[in-house]
Amino acid sequence: MNPFIQDQTQCDPLYCAVRDKLELKDIKEHVSDLWRRYHLFAEPQFLDEFSRHFQQRYWELYLGAQLITANLSLQKSSGKGPDFDLKLPSGLRFYIEATVVTAGTVDQVPLPPQGDKEEDAPYPPSELFLRITRAIENKLEQRKKQIGRGTLDSSRPYILAVNVGDIPGIFVDENPPTLSHVCLGFGGITYSTDSVHVSPFPHVYRKKHPNDPISTQIFKDPQYSWISGMFLSDVNPFYLPRRDHIQFLHNPLADAKVPVGWFPYGSEWQVLDQQLVRHKKV
């Protein structure tokens, strides 16, 4: 089943390249396989949006296919509420909203350093926190509108699924997980030739607005209790992704929680007794 619209001319350049270039045949087949699994659940305007926002919609397509492969009960999207409406065997229903973070233009995420400059380079860069924080705030406003329209039940768990695969040099790290920096203030990592240093910090600062701190502890702040947990992934269509390129962190202050182990792929993290614990996958 082919998700590519042949007569679409006003399209994302990457979409057109995958559709038309023979050397990208493997990527086209990979995307088509995801679409075969997900198409029955996609919102009506998905293919049109996919042609114009390739990476953004690829993330939704990839995540939806993984949810289906995991045998989770997925409802067809109307396009008026969150991207995914799921039901667990226990009967619990919850939402997942997918979003792609870009490098931006103001406080842009810098390109990765090269050569000797890689030493003593902080990771993740402070600009990444700004991009993710902005995405969260945008989704909060969207969620409020969906509640007002009656297309979202505010009593259900709500998960944000953030993808950074469109930003050069940004990847999902596991030791410690990148989400621990963004949500729990675990601090940045500085790499040198013979060591890795982790130092906790509660905020990062905008380069152009140094007196305007950005919190790195959103999962310690009750105003974000509407988020049940977050996915973070660096998958993009230009390398065939593995399922371990996705991590999930439970929000310890969540108003509505999801059970441990609900998603069988990638890594899953939870705060227990002030310690960050990784749950092993079967």
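Position 1 is the first residue of the sequence; numbering continues from there.
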Tell me, please, which residues at least two apart from Phe231 pass ring-ring contact (aromatic ring centres under 6.0 Å, His included). Phe248, Trp262, Phe263

Step by step, would you call Gln55 with Asn163 a side-chain hydrogen bond (donor to acceptor under 3.5 Å, both in side chains)? CA-CA 9 Å; Gln55 170 65 15; Asn163 180 276; 2.9 Å; yes

CG (Leu92) and CZ (Arg156) are apart, to the nearest 0.5 Å, by 9.0 Å

Starting from the C-alpha separation in whole Å, work towards a yes-or-no answer on side-chain hydrogen bond (donor to acceptor under 3.5 Å, both in side chains) for Thr102 and Asp166. CA-CA 6 Å; Thr102 63; Asp166 206 33; 5.8 Å; no

Angle class for the His30/Tyr62 ring planes (parallel below 30°, perpendicular above 60°, tilted otherwise)? tilted

Show the numbers, then the answer: is there a ring-ring contact (aromatic ring centres under 6.0 Å, His included) between Trp35 and Phe4? CA-CA 10 Å; Trp35 179 245; Phe4 293 92; 9.9 Å; no

One pair to check against side-chain contact (heavy atoms from CB on, under 4.5 Å): Leu86 and Ile96. What are the steps and the verdict? CA-CA 8 Å; Leu86 293 97; Ile96 301 176; 3.6 Å; yes

Distance, nearest 0.5 Å, that separates CD1 of Ile132 from CG of Leu179: 7.0 Å

Listed once per pair and sorted, the disulfide bond (SG atoms under 2.5 Å apart) pairs that draw on residues 8-54, sequence neighbours left out: Cys11-Cys16

Main-chain N/O of Ala256 paired with Ser228 side-chain donor or acceptor, under 3.5 Å: yes

Sort out for me which residue in Trp226, Phe94, Tyr224, Phe84 forms a ring pair (Phe, Tyr, Trp, His ring centres under 6.0 Å) with Tyr158. Trp226

Heavy atoms from other residues, nucleotides or ligands near CD of Gln45 exceed 12 (cutoff 6.0 Å): yes

Partners meeting ring-ring contact (aromatic ring centres under 6.0 Å, His included) with Phe54 (sequence neighbours left out): Phe50

Residues sharing Val277's hydrophobic cluster, by side-chain heavy-atom contacts under 4.5 Å among ILVMFWY, directly or via others? Leu272

Between NE2 of His250 and NZ of Lys257, what distance do you get to the nearest 0.5 Å? 9.0 Å

Any side-chain to backbone donor/acceptor pair from Tyr38 onto Ile68? Under 3.5 Å, distance only. no

Which residues pass the salt bridge (Lys or Arg N to Asp or Glu O under 4.0 Å) test with Asp33, not counting sequence neighbours? Arg36, Arg37

Between Gln223 and Asp221, is a side-chain hydrogen bond (donor to acceptor under 3.5 Å, both in side chains) present by the stated rule, with each step listed? CA-CA 5 Å; Gln223 70 173 318; Asp221 188 340; 2.9 Å; yes

Output yes when Glu60 and Arg57 qualify as a salt bridge under the 4.0 Å nitrogen-oxygen rule, no when they do not. yes

Neighbour count above 12 (heavy atom, 6.0 Å) for Lys87 NZ: no

Kindly give the heavy-atom pair with the smallest separation between Pro82 and Thr151, and that separation in Å. CD-O, 4.0 Å

Chi angles and distances behind the side-chain contact (heavy atoms from CB on, under 4.5 Å) call for Leu63, Ile246: CA-CA 10 Å; Leu63 184 56; Ile246 187 169; 4.1 Å; yes

Can a donor-acceptor pair be found, under 3.5 Å and without considering hydrogens, that links the side chain of Lys28 to the backbone of Arg19? yes

As an exercise, state the distance from CG of Asp255 to OG of Ser225, rounded to the nearest 0.5 Å. 3.5 Å

Atom pair CG/CZ of Leu61 and Phe46 - distance to nearest 0.5 Å: 4.5 Å

By side-chain hydrogen bond (donor to acceptor under 3.5 Å, both in side chains), which residues pair with Gln56, not counting sequence neighbours? none

